[in-house]
Structure formats: C-alpha cells, structure tokens
Protein chains: 2
Amino acid sequence: MMNVPLLVSSMLERAEKYFPKKTVISRTSTGIVTHTYKEIGERTRRLSSALQKLGVQKGERVGTLAWNHHRHLEAYFAIPGIGAVLHTINIRLALAHVVYIINHSEDKVLLIDEDILPLIEAVKDKLPAVQAFVIMTDKEELPETTLEPVYHYEKLLEEGNPDFEFEKDLDENDPVGMCYTSATTGNPKGVVYSHRGMVLHSMALGLADNAGLSESDIAMPVVPMFHVNAWGLPFAATWFGTTQVMPGPYFTPKVLAELIESQRVTTTAGVPTIWLGLLNELEQGNYDTSSVNRILCGGSAAPKGMIKAFETKYKIPFIHAYGMTETTPLVSVSRLKSYQQDLSTEEQLEIRSKQGGLVPGVEMKVVGKDGEVSWDGKEMGELLLRGNWIADEYYRDERTNDAFRDGWLHTGDVVTVDEEGNIKIVDRTKDLIKSGGEWISSVDIENALMAHEGVFEAAVVAVPHERWQERPVACVVLKDAAKDNLQKEDLYEFLKPQFAKWWLPDDIVFLDEIPKTSVGKFLKMALREKLKEHLTEIK
Amino acid sequence: MMNVPLLVSSMLERAEKYFPKKTVISRTSTGIVTHTYKEIGERTRRLSSALQKLGVQKGERVGTLAWNHHRHLEAYFAIPGIGAVLHTINIRLALAHVVYIINHSEDKVLLIDEDILPLIEAVKDKLPAVQAFVIMTDKEELPETTLEPVYHYEKLLEEGNPDFEFEKDLDENDPVGMCYTSATTGNPKGVVYSHRGMVLHSMALGLADNAGLSESDIAMPVVPMFHVNAWGLPFAATWFGTTQVMPGPYFTPKVLAELIESQRVTTTAGVPTIWLGLLNELEQGNYDTSSVNRILCGGSAAPKGMIKAFETKYKIPFIHAYGMTETTPLVSVSRLKSYQQDLSTEEQLEIRSKQGGLVPGVEMKVVGKDGEVSWDGKEMGELLLRGNWIADEYYRDERTNDAFRDGWLHTGDVVTVDEEGNIKIVDRTKDLIKSGGEWISSVDIENALMAHEGVFEAAVVAVPHERWQERPVACVVLKDAAKDNLQKEDLYEFLKPQFAKWWLPDDIVFLDEIPKTSVGKFLKMALREKLKEHLTEIK
C-alpha cells in the first residue's frame with residue numbers, strides 16, 4: 001500500500017475541488033457574509049503566502065485571537081498550509097495567562113479580531129517574540145492601534161498569491177495546532193495537535209455513529225474556535241463539503257436562535273450552558289427550529305432535563321459526547337444500541353445522559369482503588385485514554401509527568417462503566433467528595449437538582465467537615481418563575497427518594513449565578529473557597 | 001499526540017468489548033447459525049493460537065478457500081492477529097491460477113471449506129510450501145480426503161487458547177492481507193493490503209456520506225470474502241458492532257431474497273449481476289424487503305434501469321460505488337449533492353449512475369491524450385489514483401511497472417469527469433473502441449441497451465474493421481418475455497436518438513448468456529475472440 005502523509009491541507013483541497021459552490025456563512029461585527037469554498041480556498045492560499053512573506057517558518061507558531069468566522073477558518077488551513085502551527089488563543093483567559101501562553105508558545109505572528117485589539121494593546125510590551133500583528137476587520141482601513149508592526153488582513157490577502165501551493169513536505173506526526181487548557185493551579189498547559197491526529201479525528205466526526213457529519217449538513221459550531229479547534233468541526237466540515245455557519249463575536253441565545261432559523265442549520269455543537277440559554281430563548285420566542293436534526297453537546301455533563309426538553313418540546317435529537325482539550329476532543333458518544341430501542345423513555349434518557357461508548361480509534365482503562373473497575377455502573381475509577389488523537393505531553397511543561405504515564409493519558413475524570421461499556425463521569429478526581437472513607441459524586445447530585453423544573457443551575461462542592469472530613473453542599477440558581485415559591489425543603493423532598501441518606505447535601509445555598517470558567521464550566525474551586533467555613537458557620 | 005499503530009486486531013477487540021451481544025448470522029452448508037461477537041472473539045483467539053502452534057510465523061501467508069461465513073470472518077482477524085497475512089483465494093479462478101497464486105504467495109497453511117476440498121485435492125502435489133490443510137466443516141468428523149497433514153477447524157479451536165493476546169508489536173504498514181486479481185493475459189497479480197490502509201478504509205466505509213455503516217445496520221456482504229475482502233465490509237462491520245449476515249456457499253437470488261426477509265437486512269453489497277438476479281427474483285416472488293435502506297453496488301457499472309427499478313418498484317435506495325482490487329476497494333461513491341435535490345428524477349438518475357465523487361482520503365488525476373482532462377463530462381482520460389488504501393505494487397511481479405508509476409496507480413479505466421467532479425467510467429483502456437481515430441465508449445452503449453425493458457444483459461466489444469480499424473458490435477441477452485417479440489431493428493430504433501450515428505454498433509448479436517469473469521464482470525476478451533471475424537463475415 002501507498003503511504004501518503006495524512007495532512008490537513010488535503011481537506012481544504014477536497015472542498016475546493018469537489019464543493020467549490022458550497023458556502024461558509026459568517027456573522028461578523030458588521031453583518032452576515034457568505035463565501036464559497038472556492039473563495040475560502042483562494043483566500044487561504046493568499047494568507048499562506050502572506051504569512052510566509054512575514055517570515056513565518058515551518059514549525060513556528062502563529063497565534064489567533066478570534067471568534068468563529070471565515071477569516072479564522074482561513075487561518076485554520078493557511079497556517080498548517082505552510083507547515084506552521086495554528087495556535088488558537090482562548091481570549092477568555094486571564095490576561096496574565098494570555099501573555100504567558102503567547103510567550104510560552106513563542107508566537108511569531110498574531111492574527112487578532114478588531115474588537116480584541118485592546119486586550120493585546122494592554123500587554124504589547126510583554127510579547128518579545130511577536131514580530132507582526134495582523135488585524136482582522138471588515139473595515140477598509142486599519143483601526144487606530146498602538147501595536148506595531150501592524151498589518152490589515154484583507155490587504156495582506158490582496159497582495160498574496162491565490163495559487164500558493166500548500167507545503168506537502170511534512171511528516172504526518174508534525175504539529176498542526178496548539179491549544180492551552182486551564183490548570184487547577186498555575187499557568188495554562190499547552191496541548192499540541194498533529195496532522196495525523198487531526199485527520200483521523202475528522203474521519204471519526206464523519207462516522208455515522210458519531211457526529212455523522214455530511215455534505216448535506218448545515219453545521220454551526222457554537223463552541224469557540226479558540227477552544228479545542230471548535231471540537232475539530234471546522235476541519236471535518238470543510239473536508240466533507242458541509243455548509244458552515246459561523247456565529248461570530250458576542251452572540252446571545254437570541255442570535256443563535258435567529259441563525260438556526262434563517263440559515264436552516266441542521267446541526268450545532270456546544271457546551272450545556274449554551275443549550276440551557278438557547279432553551280430559555282426558545283421558550284420565550286417563536287422560532288422555527290425544524291431544520292435541526294441533532295445538537296452535539298459536550299464539555300461538561302448535560303442534565304437529563306435539558307435533553308428531554310429539547311427532544312420532547314422541540315423534537316431535536318440531542319447527542320451527548322465527551323472529550324477534553326487533550327483529546328482533540330472526541331472520546332465518546334452516547335447513543336442507544338440497536339437492541340435498546342424498546343426501553344422506556346426514562347430508561348433511554350438514563351443511558352443517553354451518560355458520556356457513552358468510546359468511538360472507534362480510542363481505547364480506555366478505568367482504574368479504581370483496586371485496579372481496573374468492573375463494568376457494573378457502580379465502581380468508580382479514573383479514566384485513562386489512548387489513541388492517535390490523544391495528547392502524549394504538555395508542551396514544554398513539567399506537569400506532563402502528572403497526566404501522561406505508561407502510555408496513557410490520565411484524564412482526572414472519575415467515571416463508572418456500565419454493562420454496555422458506557423462511561424459516566426461522576427466527578428473530577430479533585431471534585432469528588434470524600435465523606436467518611438466513601439466517595440460521593442458531586443455530579444450525580446447536581447444532575448438530580450437540575451432535573452427539577454424550578455432549578456436553572458446547580459453545583460455541588462465538597463466542604464470541610466470535622467467528623468466526615470468532607471460533606472457535600474449544593475449551590476442552586478433558581479429559575480425566575482420559581483424564585484418566590486421554591487424552598488430549600490422542597491428540593492430536599494425532591495432529592496430524598498433518589499439518593500442514600502448520607503449522599504444528601506448538608507446544606508442547599510441559593511445563589512444568583514454559578515461562577516464559570518472561560519469555557520462555561522462550573523468554577524468549583526471558587527465555590528469551595530467561598531463555602532470553606534460554611535458548615536462550621538451554620539452549625 | 002500519541003502515535004498508536006493502526007492495527008486490524010483493535011477492530012475485533014472493540015466488538016468484543018462494546019458489542020459482545022451483537023451477532024454474526026451465517027448460512028452454512030447445513031443451516032443457519034448465529035454467533036455473538038463475544039463468541040467470535042473467543043473463537044478467533046483460539047484460531048490465532050492454533051495457527052501459531054501449526055508453525056505460522058509473523059509475516060507468513062495463510063490462504064483461505066472459503067465462502068462468506070463466520071469461520072472465514074474468524075480467519076480475517078485470527079491471521080493478522082498473529083502478524084501473519086490473510087491471503088483470500090478466489091476459488092472461481094482457473095485451477096492453474098489457483099495453483100500459481102498459492103505457490104507465488106507461499107501460503108504455509110490453507111483453510112478450506114469442505115465443499116472446496118476436491119479443488120485442492122486435485123492439485124495437492126503441486127503445492128510444496130503448504131505445511132497444513134485445515135478443513136472448515138459443520139460435521140464432527142473430518143471428511144475423507146487425500147490431503148495431509150489435515151486438521152479439523154473446530155477441533156483446532158477446541159485445543160486453542162480463548163485468551164490468546166493478539167500480536168501488537170507490528171508496524172501499521174505491515175501487510176494484513178493479500179488478494180490476487182486476474183490479469184488480461186498471464187497469471188493473476190497479487191495485491192498486498194496493509195493494516196494502516198485497512199483501518200483507514202474501514203473508517204471511510206463508516207462515513208455518513210459513503211456507506212455510512214452503523215451499529216444499527218444488519219449488513220449482508222454478498223460480494224465474496226475471497227474478492228477484495230468483501231470490499232472490506234467484514235472488517236468495518238465488526239469494528240462498528242454491525243450485525244452481519246453471511247450468505248454462505250452457492251447462494252441463489254432466492255436465498256438472498258429469503259435472507260433479506262428473514263434477517264431484516266438493512267444494507268447489502270455486491271456487483272450489478274447479483275442485483276439483476278435479485279431484481280428478477282423479486283419480480284417473481286413475494287418478499288418483504290422493507291428493512292433494506294440501501295444497496296451498495298460496485299465492481300462494474302450499474303445500469304440506470306436497474307437503479308430505477310430498485311428505487312421506484314421496491315423503494316430501496318441504490319448507492320453506486322467504484323473501486324478495484326488494487327484500491328481496497330472504495331474509491332468513489334455516487335451521491336447527489338445537497339443542491340441537486342431539486343433536479344428531475346431522470347437528471348438525478350443520470351448523475352447517480354456515474355461512479356461519483358472521490359471519498360475523503362483518495363486523490364485522483366485523469367490524464368487524456370493532452371494531459372489532465374477538463375471537468376466537462378466529455379473529455380476522456382485514464383484514471384490515476386493515490387491514497388493510503390491504494391496499492392503501490394503487485395507482489396513480486398514485473399507488471400508493477402505498468403500500473404504503478406510516479407506515485408500513482410494507473411487504473412486502466414477510461415473516465416470522464418463532470419463539472420461536479422463525478423467520474424464516469426466510459427471504458428477500460430483496453431476495451432475502448434478506437435474507430436477512425438475517435439474513441440467510442442463500449443460502456444455507454446451497453447448501459448443504453450440495458451435500459452431497454454426487454455434486455456437482460458448487453459456487452460459491446462471492438463471488432464476489427466478494414467476501414468475504421470475497429471467498430472462496435474453489441475451482444476445482447478433478452479429477457480425471456482421479450483425473446484419472441486423483440487427484434488434487432490427495435491433495438492436500433494431505441495438507440496438511434498441517444499447516440500451519434502457513428503457510435504451505433506455495426507451489428508447486434510443475440511446470445512443466451514454473456515460470458516463472465518470469476519467475479520461476475522463481462523469477459524469481453526472472450527467475446528472479442530468469438531467475434532473477431534464477424535464484420536467480415538456479415539458483409
């Protein structure tokens with residue numbers, strides 16, 4: 001057999017050749033613009049040549065600080081297209097962390113959305129490695145800026161070569177991209193993606209039993225392109241000739257609902273908080289969502305109540321998936337097996353709200369206190385992963401040794417595995433509540449609370465306890481309609497039939513909002529800090 | 001990223017772990033038997049250990065002479081599972097060719113279906129490299145045979161190790177299998193498949209826009225497992241936990257129709273002659289085919305009339321695909337693009353009867369008389385292919401240099417490419433009719449003839465002509481119902497509006513049957529030989 005390197009550039013080339021008329025629809029700061037793949041291909045080639053002229057060499061990093069739009073998509077292919085590394089920077093990180101990762105990755109050029117300029121201007125003197133700033137803007141002229149040397153993205157393209165040939169003299173294991181992920185303490189940790197991993201991951205996204213991404217789809221990645229490459233969807237969608245809808249900067253649930261209706265979106269992907277917001281919007285407005293045939297949800301566990309609401313009220317199938325920055329990210333997809341179609345709706349929902357079965361190409365081990373756990377849906381252990389799109393290190397980081405050992409990624413996620421091989425995340429190793437020598441899953445209690453119709457969000461954290469070491473305390477945000485009539489006691493009554501007595505939280509605290517990380521996950525560390533004296537105080 | 005070798009054994013391991021209850025249903029010579037993937041996995045491991053005990057070493061070849069059934073599936077994984085090479089032998093080849101390929105590949109062990117024994121017994125003294133014959137039979141005792149040393153497949157399994165660990169110390173580029181393909185002249189040519197190629201090809205089979213193979217499918221590969229690994233379906237189906245229905249030895253259209261009905265088959269795959277036969281059977285019998293949601297057809301061009309009949313009469317979507325032994329085989333799939341859904345039924349059929357667009361992972365060049373052809377649906381050129389599941393040589397064969405040059409496989413297929421990138425095979429380079437310096441596609445005329453309701457089969461060949469060098473002559477097999485009332489003139493009237501005058505065959509000859517190759521393709525060489533004096537004689 002031939003051995004042809006698996007390279008990301010071949011994906012865009014396929015779109016240019018076979019789907020030149022298909023389109024990428026972008027919401028930018030000034031409106032909605034549409035480009036064909038033919039145009040995207042040509043613009044990407046121009047960008048590749050421009051980056052080369054700016055001095056970017058094979059293997060060097062180019063950073064992007066940008067929302068989901070066509071220019072960011074062009075960067076996704078133009079940077080690897082010269083053998084350089086696409087470094088997507090999470091603009092929601094603390095500024096000190098943004099500075100850290102730009103310096104740590106030694107970005108040579110930064111591509112920056114106009115509205116993100118102030119962020120970089122504030123720290124421009126702390127970025128010695130950056131040799132050029134390229135501003136992505138719809139305006140004809142460059143905005144006023146203190147950055148230098150500074151270039152206008154569209155002007156660079158004008159001067160670029162539309163027939164630029166992508167670099168093919170690469171090893172498929174060469175880096176294609178980077179993404180830094182927040183650490184519990186200390187600086188973010190860099191994950192490096194390879195061409196090989198990205199191509200194989202894209203294939204996995206197209207498998208009928210996974211995302212089943214198709215030419216006939218109109219896909220809207222809501223998950224940011226600065227977060228695990230929008231779950232790899234822009235790569236796969238381009239490869240398959242899928243129409244892409246990019247929701248752009250500062251979108252609201254209303255913007256998403258309107259894009260779904262106007263663009264006839266068939267599939268969209270994001271974290272649960274996005275879908276909670278959308279659900280809220282759909283309940284208030286009057287939108288046509290009939291084109292949507294599946295929502296992909298990952299990043300953190302989707303509450304059962306939310307899955308049920310989308311499926312019963314809006315007839316939108318909900319696909320629950322699991323992954324992380326270190327895993328490109330697709331690890332598992334929760335689907336019923338063919339012989340489970342006759343189960344009751346509740347039983348099906350129970351299965352489908354788990355993180356599901358491993359996709360082809362990824363292997364796991366689940367290691368508990370006494371070695372690998374049995375597949376009984378009860379025994380808890382840490383999830384270990386292996387595969388061609390699983391990272392094997394943090395970029396130039398000593399913390400590599402904590403997470404990558406013996407050829408496996410130690411995810412830090414505590415899971416159970418049921419008889420069918422479905423994993424269910426019961427906690428993060430660090431969030432697990434250790435009460436009197438037993439383990440309590442904070443996630444299980446959260447999901448139960450969020451299944452209550454009056455609850456908008458709930459987070460359960462471990463709070464220090466004299467006798468039991470740790471005890472759970474629940475933080476609950478009520479829906480507006482429930483704020484005046486739902487009491488703590490009602491929630492206890494709701495929880496009691498579902499859990500052993502010693503699992504019930506020692507207190508339920510009502511909050512206006514659960515603090516969240518830059519990617520929408522509950523920031524439990526902040527809650528733990530806030531509540532660390534709570535049990536002593538209420539005693 | 002990690003770099004984990006892509007190995008075929010991981011596919012079976014996934015089925016064992018995640019789909020232990022899913023089944024493989026086999027029609028054997030004595031009835032229908034069902035095995036779970038748990039059982040298949042254990043039996044495969046037993047076979048691996050037994051082959052090792054018989055002395056098979058890493059890299060050595062093990063030949064199979066067998067129909068589509070569970071034991072053959074076990075061999076598919078057990079042989080690569082010890083790092084050896086699965087050599088599937090086409091039992092329909094001429095006996096001399098069977099002897100040639102067993103010797104040429106140096107098969108160390110042969111696994112033989114009981115009913116195929118006489119074939120091997122007849123040549124046993126000519127196979128010096130074979131050190132053991134293993135008989136696959138449902139009977140408890142070995143049949144009488146002159147082969148030796150000879151082993152009973154099931155007894156070997158009984159003594160085998162159910163916990164055998166598959167060999168993992170392999171390079172993903174190592175050989176996984178071999179299949180010999182008939183040559184126009186001379187001995188068959190050996191194609192060697194790699195683990196890498198087979199895993200990537202299996203992923204391609206699962207893509208939503210290709211075969212979309214899924215856990216929920218009940219798949220019946222009718223294409224023989226001795227022909228290009230039944231198009232790789234047994235590998236992919238196992239990986240995805242798909243239920244497999246194996247039609248076994250000497251099946252008839254009636255057997256296939258009954259299996260479809262009784263097993264609720266959702267998808268099946270084979271060459272056009274199989275579907276012509278099934279269509280005939282469905283027209284005569286009364287079968288429930290409502291479970292079938294797609295038929296995969298490849299191997300040679302599917303007549304438009306057949307596609308239409310399946311889709312309109314039986315509501316079974318028909319997917320036309322293209323490939324060859326050298327390409328593992330999936331190269332292209334004919335699907336409408338999303339913006340073509342509004343075309344008329346006839347226009348859609350016109351597109352869908354082409355060989356279609358290249359699947360992700362394969363690249364092409366189409367080279368005509370003056371370099372690469374334009375994508376106008378008219379200019380003809382030879383199809384050149386490249387990709388990770390495209391062969392790069394014939395095994396120890398000088399003819400490698402004819403087909404593999406400059407990093408491309410020269411397929412010998414003459415195609416046009418339309419504006420959408422769909423290829424359409426108009427001929428084999430060697431079957432193309434060169435009339436007065438112009439090219440006539442024999443395939444186009446055949447398809448037109450086969451679209452006539454009275455025509456069962458048609459083959460058009462080049463016959464030597466004094467003035468024009470070559471002229472087309474059509475060989476036609478009529479349906480029984482048409483035999484008494486359809487005349488040559490009727491067919492000419494039918495063809496005339498469809499072709500330029502000089503494309504019309506110089507004669508139409510009625511035959512009882514079109515001679516075919518071992519895999520059901522028209523044997524045009526035999527027709528050309530038969531008709532070589534024809535035009536001189538009828539003058």
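Values reported hereafter were calculated over all heavy atoms of this structure, with side chains retained and with hydrogens, waters and symmetry mates removed. So you know, we letter chains A, B, ... as the sequences are listed, proteins then strands, and number each from 1.
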Report task. Name the orientation class of the two ring planes belonging to B:Phe77 and B:Phe235 (parallel below 30°, tilted from 30 to 60°, perpendicular beyond 60°). Result -> perpendicular
More than 12 foreign heavy atoms under 6.0 Å from [atom1] of [X]: is that the case here?
X        : atom1 : answer
A:Glu165 : CD    : no
A:Asp376 : CG    : yes
B:Lys337 : NZ    : yes

Just so I know, are the side chains of [X] and [Y] near enough to count as touching, which here means a heavy-atom distance under 4.5 Å?
X        : Y        : answer
A:Leu207 : A:Pro360 : yes
A:Tyr180 : A:Thr325 : no
A:Thr416 : A:Val373 : no
A:Lys22  : B:Ser338 : yes

Query - Matching residue for A:Ile390 among A:Thr328, A:Val191, A:Leu384, A:Thr327 - test: side-chain contact (heavy atoms from CB on, under 4.5 Å) - result: A:Thr327
Below 4.5 Å from any heavy atom of chain B, which atoms of [X] appear? Answer side chain, backbone, both or neither.
X        : result
A:Asn388 : both
A:Arg386 : both
A:Met364 : side chain
A:Ser10  : neither
A:Glu393 : neither

When only pairs under 4.5 Å are counted, which of [options] shares the most heavy-atom pairs with chain A?
options                      : result
B:Gly357, B:Gly212, B:Ser214 : B:Ser214
B:Ser194, B:Gly197, B:Pro20  : B:Ser194
B:Lys21, B:Glu363, B:Met11   : B:Lys21
B:Met203, B:Glu215, B:Arg335 : B:Glu215

Under a 4.5 Å heavy-atom cut-off, does chain A meet the side chain of [X], its backbone, both or neither?
X        : result
B:Leu385 : backbone
B:Leu336 : backbone
B:Leu409 : both
B:Gln341 : neither

Taking [options] one by one, which has the highest count of heavy-atom pairs under 4.5 Å against chain B?
options                                : result
A:Glu172, A:Lys17, A:Arg196, A:Glu326  : A:Arg196
A:Leu358, A:Leu213, A:Val192, A:Leu200 : A:Leu358
A:Gly421, A:Ser216, A:Gly407, A:Gly206 : A:Gly206
A:Trp239, A:Trp389, A:Phe404           : A:Trp239

Query raised in the report: Of the non-hydrogen atoms in A:Tyr37 and A:Thr238, which two are nearest, and what is the gap between them?
Result: OH-CA, 3.6 Å
Report task. Decide yes or no on salt bridge (charged side-chain N to carboxylate O under 4.0 Å, His left out) for B:Lys168 and B:Glu13, but give the supporting numbers first. Result -> CA-CA 12 Å; B:Lys168 297 288 182 186; B:Glu13 287 169 345; 2.8 Å; yes
